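Worksheet for the structure shown next.
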Amino acid sequence: MLAWADLREPQVRTFSRSSPGGWLLRSLLERYDHEHAFRIKIALVARQQTGRPDQDPKLLVSPIVNKECPRCQWWDRCLPQLDPDDVSLRIDKAPLDMREIATLRRHGITTITDLVDAELDQLLEWYLPEVSHRGGAEGRIRVAARRASMLLEGTSFDRETIGPIEIPQAEVEIDLDIESSADGRVYLWGFLLQYAGESGAVYHEFSQFDDLDNQSEAALASDAFTWLRSIVDATPSALVFHYSAYEVAKIIELARREHTELLDWAASYAEEHFVDLLEIVKAHYFGVSGLGLKLMARHVGFSWRDDDPGGLNSQLWFAEAVHGETAELRSRARRRVLEYNEDDVTATSQVRAWLRAQ
Ligand code: SF4
């Protein structure tokens, strides 16, 4: 598919002091020209620095942490210039954008302590007109202030409801987690199978450490669902738990592409019998850095065997497991992926048990 975007078309919501609504749609080229001109001004002022603060002109910008920082070559220079409690450094979930942070700083609010100490209703009077480029700006600053307060208290999660948390229960409970390669192919289906009243849980995995195509990806999924169907046929009340909508979305995508009887069954079964634990967690908790499985599971006392667990890392390990230079490297990467996946399903099961105990 070829898509054509007219860069002169006004389509980006930008701040505008002169516009009655406080914002205007501008084209990407206008935005580029404006930002480029500003960078030239920044550079010209920076070039006048002599190292004598009493005589040097004030720099036009100071670092504001944003999503480019982790990959930016200047990070080592910028980090020391930030207060360790800088709002942009500490609040990493739904972070305020550069204009929002710059507006707070202009009014003396730099750290999370400053933000917590601010009287929010008064702050909104000068803050909102300056951040009208953002829909929902009031909600964003209120949530940021809540996060700042939790950070100061050292609280990771706030319960938003009271009473027991209802989690569906079954004679057979299965936790599912899938791993996919960088090109989105599911190469690993991991299940943790647990029978009510029995102490141990058993991990079952269906994996193929190869560059998959449509056919091999569907064949692997069929192996996984042949197994799952045999469990479900024997115990129709079985439930499958997962954490996030990704698993169900992937199964539906595969079924729509392949149209086999088994994958159609899997898609209908997933829509009707799978339980997304994340949705339950969202209904009851607010997390200072979100409600991801890694955070939640660590909160309940679970730890991964790997020092650096994460979906993106698992894609790198998969690539190494398939294309690593030596058999030993490939084997080690393969073991790492499988352990990571087993820990993911175990974490899901432990979060589930913890929620039930609340
Ligand atoms: S590290 Fe510094 S220069 Fe790089 S994006 Fe972040 S604030 Fe900007």
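Computed from a prediction, not measured in an experiment: that's the story for all the values here. First listed ligand is number 1; within each ligand, the first listed atom is number 1.
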Original post:
With a 4.0 Å cut-off, would you call Arg99 and Glu130 a salt bridge?
Top reply: yes

Subject >> Salt-bridge criterion met for Glu160 and Arg146 (N-O under 4.0 Å) >> reply: yes

**OP:** Look at Glu320 together with Arg335 and state whether they make a salt bridge at an N to O cut-off of under 4.0 Å.
**Re:** no

Original post:
Which other residues end up in the same hydrophobic cluster as Ile162, if Ile, Leu, Val, Met, Phe, Trp and Tyr are linked when side-chain heavy atoms come under 4.5 Å apart?
Top reply: none

Subject >> Listed protein N/O/S atoms, distance to atom 4 (Fe) of ligand 1 under 2.8 Å >> reply: Cys72 SG

Original post:
Can you pull the side chain to side chain donor-acceptor pair (under 3.5 Å) pairs that have at least one residue in residues 234-246, sequence neighbours excluded?
Top reply: Ser180-Tyr246

**OP:** List for me each residue that meets side chain to side chain donor-acceptor pair (under 3.5 Å) alongside Asp343, sequence neighbours excluded, and say none if there are none.
**Re:** Arg305

